[in-house]
Amino acid sequence: MQSIYERIEHLIAERGMTKKVFCKQLKISTGNLGDWKRGKSTPSTNKLIEIASFFDVSLDWLMIGRPSKEAMVREKRENYFFDVLRQLDCQESELSTVEQSFISEYIEFTRYRKSKESRDSGDFRYKGEDKPEGDELL
């Protein structure tokens, strides 16, 4: 099994850099790098995050050699909330008809309230001033 230092060394070589350039770019002393190589110390958490970001690798891989889950699992990036009926259909076995009806009503109420709020907040005509009496917005 590779050590953290060996994985860092692999990344440096893969990028075609020298260790000196790597140390300079990430503000690491060559003495610290040598301590990592000898196993006297390991990079701090913050430094591991910087190194992983610099080489665009996961912390899992950098720290323990495990491939990132992102590479192993590819999820479809879908919108999980469809229209009201499909939301309720996917939970049909768990919800009673009364519960489904309540949720539908709540969703409709929330839509109404949201549209009312957006209409009310869209009136900038009297911002900072008192509205004249009897001047109603539609």
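Few gaps surround CZ on F54; more than 12 heavy atoms of other groups in view lie less than 6.0 Å from it.
Here CG of L62 is found 7.0 Å from CG of L11. Values are rounded to the nearest 0.5 Å. Here the CG-CD1 distance, from L48 to I8, works out to 6.5 Å after rounding to the nearest 0.5 Å. The distance from atom CG of D35 to atom OH of Y5, rounded to the nearest 0.5 Å, is 11.0 Å. With rounding to the nearest 0.5 angstrom, the NZ atom of K19 is 4.5 Å from the NZ atom of K37. With rounding to the nearest 0.5 Å, the separation of CD1 in I12 from SG in C23 is 6.5 Å. Note that CE of M17 and CZ of F55 are 5.5 Å apart. Values are rounded to the nearest 0.5 Å.
Contact detail for W36 and T42: the closest heavy-atom pair is NE1-C, 3.5 Å.
In this pair, Y106 and F102 present their aromatic rings parallel. The plane angle is below 30°, not in the 30 to 60° band.
Remark: side-chain polar atoms of K47 are paired, donor with acceptor, to backbone N or O of L26 under 3.5 angstrom. Here the side chain of E108 pairs no donor or acceptor atom with the backbone of E105 at under 3.5 angstrom.
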